[in-house]
Every structure is written in structure tokens, then in C-alpha cells.
Amino acid sequence: MGLEQCRIIQLPRFQDPSGDLTFIEGTHHIPFDIRRVYYIYGVPAGSQRGAHGHRELQQLIIALSGSFDVVLDDGRSKQCFQMNSPYNGLYVCPMMWRNLVNFSSGAVCMVLASEHYDEADYLRDYDRFLIEARGQET
Ligand code: TYD
């Protein structure tokens with residue numbers, strides 16, 4: 001698992017003078033079945049979210065409204081993705097440390113997740129994350 005697997009997925013978009021429509025089907029448009037949806041909103045200016053990794057979880061992160069940046073770190077290198085469009089999703093593979101920063105006022109971050117919530121899947125200590133991430137390198 002590495003940063004090269006993480007990427008922006010352009011989602012289907014039906015454009016219409018009366019408004020646009022985007023839809024997402026698990027395993028069709030994203031590489032996993034959707035078992036959970038959550039969203040983050042009302043983030044105060046200057047606040048950050050994330051600051052953890054997941055051992056198994058796969059996610060798709062979408063800026064439903066407004067904008068924010070997602071910094072991904074696989075323990076070797078980092079990449080910043082600017083999220084500002086409801087038809088672009090960031091696929092985040094397992095074993096990726098993530099920081100969500102630079103939230104605009106009114107931003108809504110929707111996350112599609114491959115598993116139900118499981119605190120045991122979290123890596124909340126960066127040093128521990130590095131040990132496990134580097135241990136998986138071949
Ligand atoms: P967390 O994933 O740490 O938030 P973020 O990545 O946005 O900083 O989640 C914050 C808390 O919310 C977590 O300690 C428990 C709760 N939570 C759930 O109960 N279910 C969920 O699906 C999620 C994502 C969080």
C-alpha cells in the first residue's frame with residue numbers, strides 16, 4: 001500500500017440547467033462496497049481533522065460543499081489534495097496517515113467507508129503508524 005494507490009476519482013455527473021446530479025455505486029465507481037457514510041461540518045476556521053491512520057479501512061473523501069485540503073502520508077512521502085468539487089472523490093487506501101486542513105467556511109466533508117466504525121482499526125499515534133507502515137514495506 002502506498003501513496004500511488006490514492007487518487008482523485010471523477011464521479012459521474014449529470015449536468016442540467018436545473019442543477020447537477022452525482023451518484024456513487026459501491027464497487028462500480030469506487031473500489032469498495034460502502035458500509036458506512038459520515039460527514040464533517042461546522043469546522044471552525046483554523047481547525048484540523050483527521051491526524052490518524054487506518055489499518056484496513058478504505059475511504060472516499062468528497063467536498064460536498066466548500067473546500068478543504070487532505071494531506072496523505074504513507075510514511076515515506078506526503079501529498080496534498082485540494083478538495084473543492086462535489087463530483088471529485090479522493091480514494092484513500094489503508095495505512096495512510098491523513099490530515100484534513102484549510103476548511104473553508106461552510107465546508108461539508110462527506111466520507112464513504114468500506115467498514116463499520118471500529119476504533120481498533122485506528123492508528124492514532126504517528127510513531128506507531130510509522131512502525132506498522134514501514135513493517136508492511138517489501
Ligand atoms: P474521528 O474519526 O477521530 O474524527 P476525524 O477524523 O474527523 O478527526 O472521529 C471522532 C469521533 O467520532 C470518534 O472518536 C468516535 C466518533 N465516530 C463514530 O462513533 N463513528 C464514526 O463512524 C466516526 C467516523 C467517528
Side-chain angles (χ1 to χ4, degrees):
M1 291 294 170
L3 258 181
E4 59 281 355
Q5 295 185 31
C6 299
R7 61 191 185 279
I8 296 289
I9 295 175
Q10 191 166 342
L11 301 164
R13 177 166 60 141
F14 275 103
Q15 292 181 278
D16 188 276
S18 62
D20 298 348
L21 182 151
T22 286
F23 56 91
I24 307 162
E25 295 180 356
T27 71
H28 288 169
H29 304 110
I30 59 176
F32 58 86
D33 262 329
I34 301 162
R35 301 196 75 188
R36 178 164 53 110
V37 179
Y38 64 92
Y39 33 97
I40 298 165
Y41 47 94
V43 180
S47 286
Q48 303 195 5
R49 303 291 308 212
H52 62 254
H54 286 282
R55 293 185 172 93
E56 302 288 344
L57 192 70
Q58 302 176 72
Q59 293 170 302
L60 190 85
I61 299 176
I62 302 166
L64 273 193
S65 183
S67 64
F68 52 85
D69 296 337
V70 182
V71 182
L72 296 182
D73 172 0
D74 65 2
R76 289 175 290 128
S77 50
K78 297 181 186 182
Q79 190 171 348
C80 180
F81 295 87
Q82 296 179 321
M83 307 303 299
N84 54 21
S85 152
Y87 56 86
N88 281 331
L90 173 62
Y91 171 68
V92 182
C93 71
M95 289 308 288
M96 208 55 56
W97 192 267
R98 85 287 314 278
N99 284 304
L100 281 65
V101 300
N102 293 336
F103 281 85
S104 70
S105 172
V108 179
C109 169
M110 184 174 75
V111 183
L112 310 182
S114 64
E115 305 295 339
H116 293 161
Y117 176 75
D118 176 12
E119 184 61 34
D121 186 61
Y122 277 75
L123 288 158
R124 294 194 183 273
D125 178 79
Y126 187 67
D127 290 336
R128 178 74 211 167
F129 166 77
L130 285 181
I131 290 168
E132 295 199 18
R134 290 174 180 166
Q136 286 189 1
E137 288 176 6
T138 50

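All residue numbers in this chain count up from 1 along the given sequence. Whatever order the structure lists them in is the order used to number ligands and atoms, beginning at 1. Basis for what follows: all heavy atoms, side chains included, without hydrogens, waters or symmetry-related copies.
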Please report, to 0.1 Å, the donor-acceptor pairs under 3.5 Å made by any side chain of residues 37-49, with sequence neighbours excluded.
from	atom 1	to	atom 2	distance (Å)
Tyr38	OH	Gln59	NE2	2.9
Ser47	OG	Pro44	O	3.4

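Between the side chain of Asn84 and the backbone N or O of Ser67 there is no donor-acceptor pair closer than 3.5 Å. Without hydrogens or angle criteria, Arg36 side chain to Ser114 main chain gives no donor-acceptor distance under 3.5 Å.
Aromatic ring centres of His29 and Phe23: separated by under 6.0 Å.
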Exercise for the section: Kindly indicate, with the supporting measurements, whether the criterion side chain to side chain contact (heavy atoms under 4.5 Å, CB included) is fulfilled by Ile30 and Leu112. Expected result: CA-CA 10 Å; Ile30 59 176; Leu112 310 182; 4.1 Å; yes
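Under the 4.0 Å criterion applied to side-chain N and carboxylate O atoms, Arg55 and Asp121 are not assigned as salt-bridge partners.
For ligand 1, the protein residues placed under 4.0 Å by at least one non-hydrogen atom are Arg36, Tyr38, Ile40, Arg49, Gly50, His52, Tyr117, Tyr122, Arg124.
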